[in-house]
Trainee: 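First the structure, then my questions, so here it is.
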There are 2 protein chains.
Amino acid sequence: MSKDIKNIFHKQGLKFTPQRRAVLKVLQDTQAYLSINRIHTKVKELLPGTGLATVYRSLETLVELELAVKVHLEDGCHSYTLAPEGHRHPIVCTDCSRVIEYTECPIQDISKKLSKKTGVLIKTHFLQLFGKCEECRN
Amino acid sequence: MSKDIKNIFHKQGLKFTPQRRAVLKVLQDTQAYLSINRIHTKVKELLPGTGLATVYRSLETLVELELAVKVHLEDGCHSYTLAPEGHRHPIVCTDCSRVIEYTECPIQDISKKLSKKTGVLIKTHFLQLFGKCEECRN
DNA sequence: TTTACAATTGAGAAAGTTTCTCAATTAGGG
DNA sequence: CCCTAATTGAGAAACTTTCTCAATTGTAAA
Ligand SMILES: [Zn+2]
Ligand SMILES: [Zn+2]
Ligand SMILES: [Zn+2]
Ligand SMILES: [Zn+2]
């Protein structure tokens, strides 16, 4: 597993540094959207002394490698989470920010229709669902 | 038309100031996503001397009144556009940032199914489609 | 294992974005 | 035409993100 990820870095001529490892581990261990500052805090628990700029740079790298995704929350803050495998969309609990992935994409089916109808050649889409999870409803 | 909008402000005890008028007009005249700075520039053409903070405040007010919506672009910058009537989703041209609205929402149909499946009571969703418009493909 | 080098890091400066403060101005009801 | 609360402009302040550079460190090759 870790070997695979290591290779993803090495194939791009990138180093698999402790800092990048730590950022990735934080995302893996937290199935939720995390702001930069929360990621920084958690990373420093694993690797004291890690700088904020490094967290920014690591996240940028992880997104380029498609190991993480940048998401957009309504309050305006950018957050990050582990990249889903395959084509998936997140359902986010607005209370606890837990993320549940789901695989049924209703967009792909209608993309072609919409392209014809609107004249816009649709390439990508961004979809997030928001709600309240079971635990938070008690 | 303008009377209606005026009333929306007055019903909330808000003033329909020249600055707010100008911000709204910029959004109305530009069927595209606009960054704060571009809005500020265009507003100053209509109303020289308008401060940046006022643009921020006006946009916040317009969003509260549901006359505008805040959107999220992949490069990270927040932008604004005129609020769509009813439930709609935007198709954004990644070249010219023109916005085409479309009304067929594929999410509402499957919300209930997903709620049962995942245990998350789905309340809202955020959907943006990206592509290349006819003009930009030439 | 050791060496060599390009990639990466931490620290702080710098740039950019958003919010806040407050005196002066103004829209709009009466 | 007043009065008053809402709003504004200007700049400071707070916050977020990027940049710079000397020092460090993974990693491939020897
Ligand atoms: Zn929850
Ligand atoms: Zn999809
Ligand atoms: Zn276009
Ligand atoms: Zn919808």
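Chain A is the first sequence line, chain B the second, and so forth, proteins listed ahead of strands; every chain is numbered from 1.
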Trainee: In whole angstrom, give the distance that lies between atom CG of B/Leu62 and atom C1' of D/dT7.
Mentor: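 That distance rounds to 14 Å.
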Trainee: Assign the ring pair A/Phe126 / B/Phe126 to parallel, tilted or perpendicular, where the plane angle (0 to 90°) is split at 30° and 60°.
Mentor: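 Rings of A/Phe126 and B/Phe126: perpendicular, as their planes differ by over 60°.
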Trainee: Rounded to whole angstroms, how far apart are CG on A/Leu59 and P on C/dT8?
Mentor: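 The distance from CG of A/Leu59 to P of C/dT8 comes to 15 Å, rounded to the nearest Å.
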Trainee: With distance as the sole test, does B/Ser115 use its side chain to make a donor-acceptor pair with the main-chain N or O of B/Ile122 at under 3.5 Å?
Mentor: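 Here the side-chain-to-backbone pair exists.
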Trainee: May I ask you to say whether B/Lys113 pairs ionically with A/Glu104, meaning some side-chain N is under 4.0 Å from a carboxylate O?
Mentor: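 Looking at B/Lys113 and A/Glu104, the cut-off is not met.
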Trainee: Can you check the B/Tyr80 OH to C/dT17 C1' distance for me, whole Å?
Mentor: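 My rounded result for the distance is 11 Å.
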Trainee: Just how far, in rounded Å, is C1' of D/dT16 from CD of A/Glu60?
Mentor: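 Atom-to-atom, A/Glu60 to D/dT16, this comes out as 15 Å.
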Trainee: According to a strict under-4.0 Å criterion, is A/Tyr56 in side-chain N/O contact with OP1 or OP2 of D/dT18?
Mentor: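 Checking A/Tyr56 against D/dT18: no side-chain N or O falls below 4.0 Å of OP1 or OP2.
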Trainee: Please list, pair by pair, any protein nitrogen or oxygen found under 3.5 Å from a nitrogen or oxygen in nucleotides 25-30 of chain C.
Mentor:
residue : atom : partner : partner atom : Å
C/dT26  : O2   : B/Lys15 : NZ           : 2.8
C/dA27  : N3   : B/Lys15 : NZ           : 3.2
C/dG28  : OP1  : B/His10 : NE2          : 2.5
C/dG28  : OP1  : B/Phe16 : N            : 3.0

Trainee: Report the distance from atom CZ of A/Arg38 to atom P of D/dT16, rounded to the nearest whole Å.
Mentor: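 The distance from CZ of A/Arg38 to P of D/dT16 comes to 14 Å, rounded to the nearest Å.
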Trainee: Round to the nearest Å and state the distance from B/Leu52 atom CG to C/dT19 atom P.
Mentor: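 B/Leu52 atom CG is separated from C/dT19 atom P by 10 Å.
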Trainee: Please check if the side chain of A/His40 supplies one atom and the backbone of A/Tyr56 the other of a donor-acceptor pair under 3.5 Å.
Mentor: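 Pair absent, no side-chain N/O of A/His40 close to backbone of A/Tyr56.
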Trainee: Rounded to the nearest Å, what distance is computed from the CZ atom of residue A/Phe9 to the P atom of nucleotide D/dT25?
Mentor: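 Result: 19 Å.
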Trainee: Looking at A/Gln19, does any N or O in its side chain come under 4.0 Å of the phosphate oxygens OP1/OP2 on D/dG26?
Mentor: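 For D/dG26, neither OP1 nor OP2 has a side-chain N or O of A/Gln19 closer than 4.0 Å.
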Trainee: Can a donor-acceptor pair be found between the side chains of A/Arg57 and A/Thr54 at a distance below 3.5 Å?
Mentor: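 Distance-only check passes for A/Arg57 and A/Thr54.
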Trainee: Mind checking if B/Arg20 touches a base, just sugar-phosphate, or nothing, with heavy atoms under 4.0 Å?
Mentor: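 Since only primed, P, OP1 and OP2 atoms lie under 4.0 Å of B/Arg20, the category is sugar-phosphate.
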Trainee: Nearest 0.5 Å, please: how far is CG in B/Leu59 from CD1 in B/Ile39?
Mentor: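 So the gap between those two atoms works out to 4.5 Å.
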Trainee: If I take atom CD in residue B/Gln12 and atom C1' in nucleotide D/dT7, what distance separates them, rounded to the nearest angstrom?
Mentor: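 Atom CD in B/Gln12 sits about 16 Å away from atom C1' in D/dT7.
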Trainee: State whether the side chain of B/Thr94 and the backbone N or O of B/Gly131 hold a donor-acceptor pair below 3.5 Å, judged by distance alone.
Mentor: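 Answer holds: yes.
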Trainee: Toward the 5' end of DNA chain D, which comes first, A/Ala53 or A/Asn37, by nearest nucleotide?
Mentor: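 Its nearest nucleotide being more 5', the pick is A/Asn37.
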